[in-house]
Amino acid sequence: MTVSPVGGPRSPIRVLLADDHTLVRRGVRLILDSEADLTVVAEAGDGAEAVERARSGDVDLAVLDVAMPRMTGLQAARELSRRLPDLRILILTMYDNEQYFFEALKAGAGGYVLKSAADRDLVEACRAAMRDEPFIYPGAERALVRSYLDRLHRGDGLPERPITEREEEILKLVAEGHTSKEIGNLLFISAKTVERHRANLLQKLGMRDRLELTRYAIRAGLIDP
């Protein structure tokens with residue numbers, strides 16, 4: 001059992017686990033619940049549900065998958081960072097992807113863990129997050145730092161986001177087949193506002209229709225192919 005600085009017992013870290021695959025959630029839950037200082041108190045099947053669960057319950061740490069319906073883990077992380085600044089966030093993903101890593105940090109996540117190594121790294125990452133220490137999966141540090149330094153030497157910096165966060169939210173939902181009215185209801189905006197954002201997306205990305213937007217969303221990792 002973990003001990004508080006004053007010598008008394010400390011309650012386990014309360015974890016929210018979000019992944020759209022039930023079997024993955026079950027496996028990750030087994031890993032976390034086997035530790036005395038960690039307990040999964042809530043689960044979610046998509047990013048929007050994760051935000052709702054985190055806001056309605058007492059949660060210390062959110063573990064979010066990247067690719068989820070309605071709202072990605074990165075989008076959920078941004079929303080949670082704004083609404084619950086004291087909540088710690090980890091990204092759990094199958095993507096060994098440098099861009100996702102930097103986006104995760106920008107979204108407010110304190111760590112990035114590969115699903116393929118979750119049994120080895122996740123518990124350590126959870127504890128590091130609660131200590132306000134960043135966690136990067138082993139083997140990634142040198143490649144990430146080298147790539148970042150190469151960009152700086154070239155004068156590139158980090159790649160700019162081609163679309164705004166709101167446009168990204170709408171792009172994902174359009175690609176998933178939601179109507180403008182449905183998207184408006186999910187995001188609490190009018191259908192006309194959705195249509196305006198959709199028109200801006202088409203113009204900004206140089207695209208003609210929903211099919212091209214969907215292909216772009218797949219390439220950007222917003223939805224699974």
Side-chain angles (χ1 to χ4, degrees), residues 13-29 31-32 38 40-57 59-118 121-123 125-126 128-130 134-137 140 144 161 163-176 178 186-187 216-225:
I13 298 164
R14 297 163 298 184
V15 180
L16 163 67
L17 180 58
D19 194 295
D20 58 321
H21 295 98
T22 305
L23 288 177
V24 172
R25 289 205 310 272
R26 189 176 302 165
V28 173
R29 182 167 195 151
I31 293 171
L32 297 179
L38 297 167
V40 176
V41 296
E43 295 186 25
D46 60 58
E49 186 183 1
V51 172
E52 183 180 340
R53 291 286 178 88
R55 294 183 66 196
S56 63
V59 178
D60 303 309
L61 171 67
V63 178
L64 309 172
D65 182 29
V66 168
M68 292 188 288
R70 294 205 296 166
M71 182 185 286
T72 69
L74 296 177
Q75 291 170 339
R78 286 195 290 265
E79 186 73 10
L80 288 171
S81 294
R82 283 193 290 261
R83 294 178 180 270
L84 301 169
D86 292 331
L87 180 70
R88 303 296 187 268
I89 300 171
L90 286 178
I91 296 296
L92 179 64
T93 178
M94 61 183 292
Y95 301 108
D96 185 356
N97 183 295
E98 172 195 335
Q99 181 65 35
Y100 285 153
F101 169 76
F102 285 120
E103 288 292 340
L105 295 185
K106 287 164 61 179
Y112 190 90
V113 182
L114 293 181
K115 288 182 180 180
S116 59
D121 296 337
L122 184 56
V123 169
C126 288
M130 296 309 297
F135 181 89
I136 306 173
Y137 57 94
L144 289 168
R161 293 173 60 84
I163 58 179
T164 66
E165 291 179 10
R166 177 60 90 186
E167 288 170 343
E168 183 184 272
E169 291 173 342
I170 290 172
L171 170 62
K172 176 176 174 58
L173 294 169
V174 166
E176 289 179 346
H178 295 280
L186 285 168
L187 300 180
Y216 179 89
I218 291 171
R219 291 197 303 272
L222 295 175
I223 63 173
D224 290 327

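Going from atom CD of Glu49 over to atom CE of Met71 covers 12.0 Å, rounded to the nearest 0.5 Å. Here the CD1-CG distance, from Ile31 to Leu17, works out to 10.0 Å after rounding to the nearest 0.5 Å. Note that CG of Leu186 and CD of Glu176 are 9.0 Å apart. Values are rounded to the nearest 0.5 Å. Atom CD of Glu52 sits about 11.0 Å away from atom CG of Leu16, to the nearest 0.5 Å. In this structure, CG in Leu187 is found 6.0 Å from CD1 in Ile170, a value given to the nearest 0.5 Å. Expressed to the nearest 0.5 Å, how far CD of Glu169 lies from OG1 of Thr164 amounts to 8.5 Å.
Heavy-atom contacts from other residues, nucleotides or ligands closer than 6.0 Å to CZ of Arg166 number more than 12.
Taking all atoms of both residues into account, the shortest heavy-atom contact from Ala50 to Leu64 is CB-CD2, 4.0 Å. Residues Gly108 and Ile89 share a closest heavy-atom pair of O-CB, 4.2 Å. Here the closest heavy-atom approach between residue Ala125 and residue Val113 is recorded as CB-CG2, 3.5 Å. Closest heavy-atom contact between Ile91 and Gly73: CD1-O, 4.1 Å.
The main-chain N or O of Ala107 is found under 3.5 Å from a side-chain atom of Ser81 such that the two form a donor-acceptor pair.
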- Item | Derivation of the salt bridge (Lys or Arg N to Asp or Glu O under 4.0 Å) call for Lys106 and Glu165 | CA-CA 12 Å; Lys106 287 164 61 179; Glu165 291 179 10; over 6 Å; no

- Message: As a quick check of understanding, evaluate side-chain contact (heavy atoms from CB on, under 4.5 Å) for Met130 and Asp60, giving each step before the final call.
- Response: CA-CA 8 Å; Met130 296 309 297; Asp60 303 309; 3.8 Å; yes

- Is there a side-chain contact (heavy atoms from CB on, under 4.5 Å) between Ile223 and Thr72 once you walk through the steps? CA-CA 8 Å; Ile223 63 173; Thr72 69; over 6 Å; no

- Task: Check the pair Asp65 / Val24 against side-chain contact (heavy atoms from CB on, under 4.5 Å), numbers first and verdict last.
- Result: CA-CA 10 Å; Asp65 182 29; Val24 172; over 6 Å; no

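Residues Asp121 and Leu114 form no side-chain contact, since every pair of their non-hydrogen atoms from C-beta on lies 4.5 Å or further apart. Residues Leu122 and Val28 meet the side-chain proximity criterion, which asks for heavy atoms closer than 4.5 Å. The side-chain heavy atoms of Leu87 and Leu61, taken from C-beta on, include no pair separated by under 4.5 Å. No side-chain heavy atom of Tyr112 sits less than 4.5 Å from a side-chain heavy atom of Leu90. Side-chain contact check for Asp20 versus Asp46: every heavy-atom pair is 4.5 Å or farther apart. Side chains of Val59 and Val15 form no contact here, defined as non-hydrogen atoms less than 4.5 Å apart. Counting only heavy atoms from C-beta outward, the side chains of Ile13 and Cys126 never approach each other to under 4.5 Å.
A side-chain donor-acceptor contact under 3.5 Å links Glu168 and Gln75.
The salt bridge (charged side-chain N to carboxylate O under 4.0 Å, His left out) test with Asp19 is passed by exactly one of Arg26, Arg25, Arg29, Lys115: Lys115.
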